[in-house]
Each structure stands twice: as C-alpha cells, then as structure tokens.
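This report concerns only the one structure given below.
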Amino acid sequence: MDLADITYFFDCCIGQWSIERTYHYMAQQEVERSHTDFRVDGITPELRRKVLADNGYDPVDNIDQLPGFQLAFHTVSDKGEEVSQELRALFVPKQQEGTMLAGDYLRDRAYEEDRPIISTFTYDQSNRELLMTTPYTRVVSVDSILLVNPNTRIRRILNYHRPAEGEAMDSLALVGFGVEQKVGG
C-alpha cells in the first residue's frame, strides 16, 4: 500500500487553522455561521496505541507509519454558542484500488458523542479528498476534506438521519460547508 500521498495530506494539515463554516439545519430551515480556531499536531506512538486500545481494535503492523493526528478546536457560532474539544485520531488503511485508499478511522473521542468510535474513510490521491463516514446513534456523518493546497482546505459535512438497516441514506439533517485556511502558512 502506498501511503506517501496520504502522509503528505496529513503533513499539510499540521498547524494552526482558521475556519469559517456555514451550517444548514434542514428541518428547522435555519442557517448558522461559525468561526473555529483549530490546532492540528502529529500523534505520538503512545497516543497511537491508546487510540487502538480505547476502541478495542486489534494490534496493527507498522502502527508508527500510519497517518494520524491530535487536534484541539474552539468554535464560536454567530448565536454566541461555544464548543471546545480535543481528540486523537488514527487512520488504518486496509485496501488500495488505483488512487483510492480505504480503511478504518479511529478516534478516542467522537464529535457527536463523547466516546471512542470507529468510522470508515476513503482517500482519493487523484484530488486529495479525505472522506470520513461515521455512524452515530441518530445520524450518519459524511465529512469531506479537500486539500486545495498546503494552506487551504474545503470542508463539506453531510449529516443524514440514520436510516433503518438496509435503507438508503437520503434524509439530510444538516449540511455544512467551510473554508479552512492555515494561519501563518
């Protein structure tokens, strides 16, 4: 498996980011704007192993070569609501077909629910888009990060009402868009 391009993607993500997002709440027909200050750092070997252990994940070969990060963010919405969080994440590629890598995305703390969680990801080397799909209790979040250049990312978040087993994801609860720019980059 060729991890050079996804490693480049995550290397570009290291640093301080300033993020402007718009969220569209579909049922309420409301739009909310927010600003986030976001800090991404590399992940230590000890934290890599902790993320695996927190999720009850089997040991992984070459764990120290796998992409991952630790992050902290602080978001303020236009309504004055504030959220701060820290978490650690590890990406475990399982297969590669052409320019597409796919695998598991593990976090020691989820965004929607305060618990460790295992999600899936795909990374398309042809356009440097990371797509992460997380099945939460009430929604399924499909989060895209498109690396435009080392200092600019475009973010798209689609939260679907979690469908019944075997049903299609076609009922949106939230749609988010963002422009993420590295500070001092």
Side-chain angles (χ1 to χ4, degrees), residues 2-26 30-44 47-48 51 65-91 93 99-103 105-114 117 119-134 136 139-160 172-185:
D2 181 8
L3 300 181
D5 199 78
I6 195 169
T7 299
Y8 172 79
F9 176 94
F10 282 106
D11 286 348
C12 289
C13 291
I14 300 293
Q16 185 75 33
W17 294 81
S18 177
I19 301 166
E20 300 298 330
R21 287 193 190 146
T22 304
Y23 294 99
H24 300 261
Y25 296 91
M26 305 306 285
E30 290 181 9
V31 176
E32 175 184 66
R33 297 187 191 300
S34 70
H35 173 83
T36 301
D37 291 313
F38 203 83
R39 173 87 201 157
V40 179
D41 292 301
I43 186 170
T44 65
L47 287 175
R48 290 171 187 272
V51 170
Q65 279 73 53
L66 297 180
F69 58 83
Q70 47 189 336
L71 65 86
F73 66 86
H74 180 79
T75 299
V76 180
S77 77
D78 59 1
K79 296 174 184 171
E81 296 168 356
E82 296 189 39
V83 176
S84 294
Q85 190 174 6
E86 293 184 26
L87 62 93
R88 276 109 334 248
L90 188 64
F91 292 78
T99 63
M100 191 70 73
L101 278 175
Y105 160 45
L106 290 72
R107 285 171 282 168
D108 64 352
R109 185 174 180 197
Y111 298 117
E112 294 277 329
E113 299 167 6
D114 189 7
I117 197 161
S119 307
T120 58
F121 82 91
T122 58
Y123 176 73
D124 188 343
Q125 297 174 20
S126 70
N127 65 356
R128 294 203 167 114
E129 180 181 26
L130 178 66
L131 192 67
M132 300 158 286
T133 302
T134 305
Y136 293 109
V139 299
V140 176
S141 181
V142 180
D143 189 358
S144 161
I145 301 173
L146 179 69
L147 184 67
V148 176
N149 61 50
N151 299 312
T152 306
R153 305 184 318 188
I154 302 299
R155 193 71 167 262
R156 184 187 69 229
I157 302 153
L158 302 175
N159 282 359
Y160 294 90
L172 283 168
L174 173 138
V175 177
F177 301 98
V179 176
E180 306 182 345
Q181 296 184 298
K182 192 176 277 188
V183 177

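Note that the structure is predicted; figures quoted are calculated from it, not measured.
- Here N127 contributes atom CG and T99 contributes atom OG1; the two are 7.5 Å apart, rounded to the nearest 0.5 Å.
- A distance-only check finds a donor-acceptor pair linking the side chain of D108 to the backbone of R88 [under 3.5 Å].
- Inter-residue side-chain proximity for F121 and L131 is flagged as unmet; no heavy-atom pair is nearer than 4.5 Å.
- Using bins of under 30°, 30° to 60° and over 60° for the plane-to-plane angle, the ring pair F69/F91 lands in the tilted bin.
- Contact check for L87 versus L71: side-chain heavy atoms found under the 4.5 Å cut-off.
- Using a 4.5 Å heavy-atom threshold, the side chains of L66 and P93 count as touching.
- Remark: E86 does not engage R39 in a salt bridge, criterion side-chain N to carboxylate O under 4.0 Å.
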For residues 2-14, which side-chain donor-acceptor pairs fall under 3.5 Å, sequence neighbours excluded?
unit_1, atom_1, unit_2, atom_2, d
D2, OD1, A4, N, 3.0
D5, OD1, R128, NE, 3.2
D5, OD1, R128, NH2, 2.8
D5, OD2, Y123, OH, 2.5
D5, OD2, R128, NE, 3.3
T7, OG1, L3, O, 2.7

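- Looking at heavy atoms from C-beta onward, Q16 lies out of side-chain contact with F38 at the 4.5 angstrom threshold.
- The salt bridge (Lys or Arg N to Asp or Glu O under 4.0 Å) contacts involving residues 147-160 comprise E129-R156, D143-R155, R153-E180, R155-E180, where partners must be two or more places apart or lie in separate chains.
- Considering only heavy atoms from C-beta on, Q181 stays 4.5 Å or farther from V183 through its side chain.
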Practice prompt. Step by step, work out the side-chain hydrogen bond (donor to acceptor under 3.5 Å, both in side chains) result for T75 and T36.
Written response: CA-CA 4 Å; T75 299; T36 301; 2.7 Å; yes

Worksheet item: Can you check side-chain hydrogen bond (donor to acceptor under 3.5 Å, both in side chains) on R33 and T22, steps first, answer last?
Response: CA-CA 4 Å; R33 297 187 191 300; T22 304; 3.1 Å; yes

Item to complete: Carefully, step by step, assess Y23 and I157 under the rule side chain to side chain contact (heavy atoms under 4.5 Å, CB included).
Response: CA-CA 9 Å; Y23 294 99; I157 302 153; 4.0 Å; yes

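- Residues M132 and S119 form no side-chain contact, since every pair of their non-hydrogen atoms from C-beta on lies 4.5 Å or further apart.
- Two residues are said to be in side-chain contact when any heavy atoms from C-beta on lie closer than 4.5 Å; Q70 and L47 meet this criterion.
- Taken from CD in E32 to CG in L174, the straight-line distance is 8.5 Å, to the nearest 0.5 Å.
- Judged by distance alone, the side chain of T134 and the main-chain N or O of Y136 form no donor-acceptor pair under 3.5 Å.
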